[in-house]
Amino acid sequence: MSNKDSESLSEVHGSVITSGKTGWRKLMAFIGPAYLVSVGYMDPGNWATDIAGGSQFGYQLIWVLLMSNLMALLLQSLSARLGIVRGLDLAQASRNTYPSYINYPLYVLAQIAIIACDLAEIIGMAIGLNLLFGLPLIWGVSITILDTFLLLFLMNKGMRIMEVFIVSMVFIVGISFLTEMFIVEPLAGEVLSGFKPSLLSGNALYIAIGIIGATVMPHNLYLHSSLVQTRKIERTPKGIKESLKYNLIDTSIALNLAFFVNAAILILAATAFYKNGLFEVAEIQDAYKLLDNIFGSVAPTLFAIALIASGQSSTITGTLAGQIVMEGHLNLRIQPWIRRLLTRLLAIIPAFFTIMFFGEEALGGLLILSQVALSLQLGFAVIPLIHFNSDREKMKEYTIKTWVKILAWLSALIIVSLNVQLVIEEIGSWLSSTTVSVWWIYLLVIPIAITIGLLLLYVFLMPFFRKHERKISNVPHGEALEIGELEQVEYKKIGITVDFSVHDRNTFRHALIQGGKSADYYLIHIVETAAARFHGEKVLDHETQSDTDNLEKYQQNLKELGYQAQIEIGYGTASKAISDLVKAKNLDLLVMGAHGHKGISDLIFGTTVDTVRHNVSIPIMIVK
């Protein structure tokens, strides 16, 4: 795709060069995307499910972790394959395949999964800060909104800096748990017994599905298909095959490391709690306190540090996934900081109100519920992913082999079957409960469950009947038009924004070239003092007087050079005042100087140029 706007994560698309490198340097160029994905496999949500599983069932659920990891390896490799071969992320491919009335609910479900994941990161960070520094959970939850600015900063620094940050966080988590394994000293024979599969029901099934949801995360499938496109590869058969090989190595190493971290958490819980008769340790805070009582201060401190590191790294990948699903499914692009802030707020609100109305002790249950919610969304990401990788018309020689298809569909069947069993069991338990009103289950819960089930069935069946991809543009605008014969454009009334800085000279130069000596020029300056915002044109403060004097100097200077100029002063918010003056004076062209700041500076100083261009209907020339 040649249009930069059509690319997934266009800010960093193709930003890491891989050509011209050999051996280890070549491998290192590809290492990174899977590590960003892997942090989702060891986030605070995993901690909650692993601690609950280990404390209640000992080593019995290790085989569920292993099965989940093998599924994750397979599905993440398919996700990477889609991104490399077709140059589309999973959301974009879904938009090209399914009708828009299906993509909207698919987006909503994907966004719910991302919010559920983000909820786990928020709770984990808040708990980690509480354990280390005694910060109240309500404050910990509130300040996690600042993660939005960290992500904005890392994105501006480039993909490699972000990957280094994430890998550093993963390294802290890994070292912390490796050290704790030496402290608790589990018996190898007992640990190995947990790899033997066993039948699951009741609470064991609920925890197992939570483990699957916390391990095979739907938003990671969207994320991986996009992140692999940050590598600039040769679009030749050799280049694509090479990229597939190196990304498979990257995925295998990263996800196996994540499996060992998850297994370490479960083993830690089984050894420290289950073997000591503490069977109901579902709260991360309880685990911290018990570790302190049993093993001293080092183990719980490492535990809290790892928790903060995993929460911080996972929240970055979750918000990136939010960008991917919105732009892919809806073809909607909004300001990155607004989108990330929105995702974070949607996750903060349930955590905040849970603490307010149910107390801090309810957060552990909310964590596990978030992971079960993730698992319930999995089918809607996994099934399309398998379809897209099986499409010989699009994937050509890179279509997955028959045995891979069988394994992938088997994984999907296991995930969907377990989820169906869980939904049926949960609805059955609610209907038999004497404390729950039955009418809202029949009126609300069961119809929603049936609707979601029918949607999943459609997502599964539709690609078998519609073989041809819909002709959809992946850019958030229309197609190029015929330009035709061009007429001379003559600007008679030109506005020039000035701020009395070194930028003004260049702004004047470009404006005067556009209109020459026959145009009328309007020198625009906005007074933004507190008094100006309140009193408007009646203000007579020092800044207004000084600005008027400076404008008159510019006006006189232009008259001496043979240009006609008049002064226009606005008051209050710059973007609104400039827009109002443009409309009031019926200008033909507006020339504005850009400050050159971006990222967090835009949040502090504002984005005047961007706002003005949306408020006026005339051409705007932006001069740097």
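The figures here come from the full heavy-atom set of this structure, side chains too, leaving out hydrogens, waters and symmetry mates. Because the structure is predicted, anything quoted here is derived from the model rather than measured.
- Heavy atoms only, all atoms of each residue included: Q76 and L221 are closest at OE1-CD2, 3.6 Å.
- Contact check for L407 versus L70: no side-chain heavy atoms found under the 4.5 Å cut-off.
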- Would S252 and N256 count as a side-chain hydrogen bond (donor to acceptor under 3.5 Å, both in side chains) if you check the C-alpha gap in whole Å, the side-chain angles of each, and the deciding distance to 0.1 Å? CA-CA 6 Å; S252 300; N256 278 314; 5.3 Å; no
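- Residues I62 and V191 share a closest heavy-atom pair of CD1-O, 3.7 Å.
- Inter-residue side-chain proximity for S411 and V382 is flagged as unmet; no heavy-atom pair is nearer than 4.5 Å.
- When side chains are defined from C-beta on, S225 does not count as touching L88, because their heavy atoms never get closer than 4.5 Å.
- Between I400 and S390, the closest heavy-atom pair is CD1-OG, 3.8 Å.
- A 4.5 Å side-chain heavy-atom check between L455 and L109 finds at least one atom pair inside the cut-off.
- We find the CD1-CE distance between I414 and M67 to be 5.5 Å, quoted to the nearest 0.5 Å.
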- Residue pair Y59, T271: steps toward the side-chain hydrogen bond (donor to acceptor under 3.5 Å, both in side chains) verdict: CA-CA 9 Å; Y59 306 110; T271 308; 2.8 Å; yes
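- The two residues A110 and V325 have their closest heavy-atom pair at CB-CG1, 4.0 Å.
- Side-chain atoms of L257 and I253, non-hydrogen and from C-beta on, do get closer than 4.5 Å to each other.
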- Show your working on side-chain hydrogen bond (donor to acceptor under 3.5 Å, both in side chains) between Q111 and Y107 and close with a plain yes or no. CA-CA 6 Å; Q111 191 62 53; Y107 165 74; 3.2 Å; yes
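- Between the side chain of S77 and the backbone N or O of L73 there is at least one donor-acceptor pair closer than 3.5 Å.
- With rounding to the nearest 0.5 Å, the separation of CG in L413 from CD1 in I383 is 9.5 Å.
- Taking all atoms of both residues into account, the shortest heavy-atom contact from I324 to A91 is O-CB, 3.8 Å.
- Within the model, atoms CG of L66 and CZ of F259 stand 4.5 Å from one another, a figure rounded to the nearest 0.5 Å.
- Of the possible donor and acceptor atoms, one in the side chain of H387 sits under 3.5 Å from a partner among the backbone N and O of F460.
- When all heavy atoms are compared, the tightest approach of N389 to L78 is ND2-O, 3.1 Å.
- Between the CG atom of L457 and the CD1 atom of I452 there is a distance of 14.0 Å, given to the nearest 0.5 Å.
- Residues satisfying the side chain to side chain contact (heavy atoms under 4.5 Å, CB included) test with L244, not counting sequence neighbours, are R81, I84, V85, I240, Y398.
- A distance of 10.5 Å separates CG in L268 from CG in D50, rounded to the nearest 0.5 Å.
- With rounding to the nearest 0.5 angstrom, the OH atom of Y222 is 5.0 Å from the OG atom of S94.
- Here the side chains of W139 and L129 are not in contact, with every heavy-atom distance at 4.5 Å or above.
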